[in-house]
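Take a look at the structure set out below.
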Amino acid sequence: MKEKIEALMAEVEAVKAATKQDIEDARVRLLGKKGSITALFEEFRNVPAEQKKEFGAKLNVLKTAAAAKIEELREAMENSGAAAGAAASDLSMPGEPMELGSRHPVSIVRQEIVDIFRKFGYDVAEGPEIEDDWHVFEALNFPPEHPAREMQDTFFVSEGETAQDGSKHNPVLLRTHTSSVQVRTMEKMPLPIRVICPGRVFRNEAISARAHCIFHQVEGLYIDENVTFADMKQAILLFAREMFGPQAQIRMRPSYFPFTEPSAEVDVSCNICGGKGCNVCKGTGWLEILGCGMVDPNVLEASGIDSKKYSGFAFGMGIERIAMLKWQVKDLRNYFENDLRFLREFNTEL
């Protein structure tokens, strides 16, 4: 053992390198998993107990010397390269390349949804995130006692004016859905109307893997003469096949929304298992993607549209939900924590 240590120490002191590859070869030969010094440490296990202290110290000195020699060669190589580069520098060369970022996955899916509906003839409409009660609730047929008006769902900015009878008028709040943009569109845009309304919304909910107090929606609205439920179903089916592939199927389940009647929840066939059933779709073969319905006549009348002449449909979906289905992201919080390891996975989407 003593002779082997002395021989390796001499080899370490004699190591020379002309290239970076020479340095790496020397490191692997001496300190790699199958290197000479590593093999000595394996052999050290068989040394008699009374000799372990002596040879253990010598082995540690050998390993430290080898690591120092490798680092010394690297520094010498870098210094010589820097000196050569300084002597032959070309000021016309571009600077060091900068790492490119990528669009956020929510932005990627938002743009994809917008592009799909633009192909169908929809315009894009946007509105303020800080809204009043009329555009978020009252004009959308929310009765005064509706749970969404309570503090557990909505972030209120101000309570609004108080009338003589003690009632509150037009409080200011953070919008809970982008349907408020639909109301503003119906108030200002001439008929027929065909728009989608992407944007950020806020709800007073506990943050978890499946819910967040901030998220993004895309809502759609189509109003014209003789618009039917069949028109809405066909539009949603076309969207599903553009987003999830031509094999996608949809199903509609009866539901309730104050601003549409009749209303439905829409499921799309699971794009992971092809509708056969898996852990993502919980064995059902279906994944919920959006809510929809025919615009309630009260909503049309509140915005000055003749409900006897015009009809329409509306739909809304969570962008994070679509992104989760598209990329099988299981935790909604990933979209808001700015973890570069997560965001770099979407560099290919540029």
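Numbers here are sequence positions counted from 1.
The hydrophobic clustering, which links ILVMFWY residues whose side-chain heavy atoms are closer than 4.5 Å, places Phe215 and Val109 apart. Using a 4.5 Å cut-off between side-chain heavy atoms of Ile, Leu, Val, Met, Phe, Trp and Tyr, with links allowed through other members, Met232 and Met243 fall into the same hydrophobic cluster. Under the 4.5 Å side-chain contact rule for hydrophobic residues, Tyr122 and Phe239 share a cluster. Linking Ile, Leu, Val, Met, Phe, Trp and Tyr whenever their side-chain heavy atoms come within less than 4.5 Å leaves Val329 and Ile207 in two separate clusters. Clustering ILVMFWY residues whenever any of their side-chain heavy atoms sit less than 4.5 angstrom apart, transitively, puts Met77 in a cluster other than the one holding Val28.
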Decide yes or no on side chain to side chain contact (heavy atoms under 4.5 Å, CB included) for Met252 and Val266, but give the supporting numbers first.
-> CA-CA 5 Å; Met252 292 183 165; Val266 178; 4.1 Å; yes

Where do Glu337 and Phe342 land on the side chain to side chain contact (heavy atoms under 4.5 Å, CB included) test, with the steps shown first?
-> CA-CA 9 Å; Glu337 292 177 349; Phe342 173 74; over 6 Å; no

Side chain to side chain contact (heavy atoms under 4.5 Å, CB included) assessment of Thr284 paired with Asp267 = CA-CA 11 Å; Thr284 65; Asp267 302 329; over 6 Å; no

After noting the C-alpha distance and the side-chain angles of Thr176 and Phe137, does the key distance pass the side chain to side chain contact (heavy atoms under 4.5 Å, CB included) rule?
-> CA-CA 9 Å; Thr176 58; Phe137 294 130; 4.0 Å; yes

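To the nearest 0.5 angstrom, Ile223 atom CD1 is 10.0 Å from Met294 atom CE. Note that the CD1 atom of Ile70 and the CD1 atom of Ile23 stand 7.5 Å from one another [nearest 0.5 Å]. Leu31 contributes atom CG, which lies 8.5 Å from atom CG of Leu62 (distance to the nearest 0.5 angstrom). Note that CG of Leu30 is 12.0 Å distant from NZ of Lys63, once rounded to the nearest 0.5 Å. To the nearest 0.5 Å, atom CG of residue Leu290 and atom CD of residue Glu265 are 8.0 Å apart. The SG atom of Cys292 sits 8.0 Å away from atom CD1 of Ile250, with the distance rounded to the nearest 0.5 Å.
Applying the side-chain hydrogen bond (donor to acceptor under 3.5 Å, both in side chains) definition to pairs two or more places apart or across chains, those involving residues 220-237 are Arg194-Tyr222, Thr228-Asp231. For residues 5-23, every residue pair satisfying the side-chain hydrogen bond (donor to acceptor under 3.5 Å, both in side chains) rule, not counting sequence neighbours, is listed here: Glu11-Arg29, Thr19-Asp22, Gln21-Asp25.
In this structure the side chain of Ile130 never reaches within 4.5 angstrom of the side chain of Phe155, judged on heavy atoms. Side chains of Glu24 and Arg74 form a contact here, defined as non-hydrogen atoms less than 4.5 Å apart. Put simply, the side chain of Phe259 does not reach to within 4.5 Å of the side chain of Val295, judged on heavy atoms. Residues Phe120 and Glu242 form a side-chain contact, since some pair of their non-hydrogen atoms from C-beta on lies under 4.5 Å apart. Between Cys270 and Trp286 the shortest side-chain heavy-atom distance does not fall below 4.5 Å. A heavy-atom distance below 4.5 Å is found between the side chains of Ile196 and Val124. Contact check for Arg200 versus Gln217: no side-chain heavy atoms found under the 4.5 Å cut-off. No side-chain heavy atom of Arg203 sits under 4.5 Å from any side-chain heavy atom of Asp153.
Listed by chain and residue number, Arg110 satisfy the salt bridge (Lys or Arg N to Asp or Glu O under 4.0 Å) test with Glu126 (two or more places apart in sequence, or in another chain). Legend: residues meeting salt bridge (Lys or Arg N to Asp or Glu O under 4.0 Å) with Glu301, ordered by chain and number and at least two apart, are absent.
Side chain of Asn141 to main chain of Val299: no donor-acceptor pair is present (N/O by atom type, distance under 3.5 Å, no hydrogens or angles). At least one donor-acceptor pair under 3.5 Å links the side chain of Asn170 to the backbone N or O of Asp133. Tyr335 places a side-chain N or O within 3.5 Å of a backbone atom of Met324 that can act as its donor or acceptor partner. Judged by distance alone, the side chain of Ser303 and the main-chain N or O of Ile305 form no donor-acceptor pair under 3.5 Å. Here the side chain of Ser263 pairs no donor or acceptor atom with the backbone of Gly293 at under 3.5 angstrom. Looking only at distances, a side-chain donor or acceptor of Arg175 sits under 3.5 Å from a matching main-chain atom of Gly127. Side chain of Thr178 to main chain of Cys197: a donor-acceptor pair is present (N/O by atom type, distance under 3.5 Å, no hydrogens or angles). A side-chain donor-acceptor contact under 3.5 Å links Glu320 to the backbone of His216.
The heavy-atom pair separating Pro198 from Val114 by the smallest distance is CG-CG2, 4.3 Å. Annotation for Leu140 and Ser180: closest pair CD1-N, 4.4 Å, computed over non-hydrogen atoms. Contact between Ala139 and Ala302 at its shortest, heavy atoms only, is O-CB, 3.9 Å. Scanning all heavy atoms of the two residues, the minimum distance from Ala65 to Val12 falls at O-CG1, 3.9 Å. Between Val195 and Ala125, the shortest heavy-atom distance links the atoms CB-CB, 4.4 Å. Across Phe257 and Ala264, no two heavy atoms sit closer than the pair CE1-O, 3.7 Å.
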Output a table of donor-acceptor pairs, distance under 3.5 Å, between side-chain atoms of residues 310-319 and any protein atom two or more places apart or on a different chain; print 'none' if there are none.
from   : atom 1 : to     : atom 2 : distance (Å)
Ser311 : OG     : Val227 : N      : 3.0
Ser311 : OG     : Val227 : O      : 2.9

Considering only distance and modelled atom types, tabulate donor-acceptor pairs under 3.5 Å from the side chains of residues 182-190, sequence neighbours left out.
from   : atom 1 : to     : atom 2 : distance (Å)
Gln182 : NE2    : Glu219 : OE1    : 3.2
Gln182 : NE2    : Gly220 : O      : 3.3
Arg184 : NE     : Glu131 : OE2    : 2.6
Arg184 : NH2    : Glu131 : OE1    : 3.1
Arg184 : NH2    : Glu131 : OE2    : 3.4
Thr185 : OG1    : Val181 : O      : 2.8
Glu187 : OE1    : His135 : NE2    : 3.1
Glu187 : OE2    : Trp134 : NE1    : 3.2
Glu187 : OE2    : His135 : NE2    : 3.4

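The aromatic rings of Phe336 and His212 lie parallel to each other, their planes meeting at an angle below 30°, with 60° marking the opposite boundary.
Here the options are Arg253, Arg321, Arg251, the test is salt bridge (Lys or Arg N to Asp or Glu O under 4.0 Å), and the partner is Glu288; only Arg253 passes.
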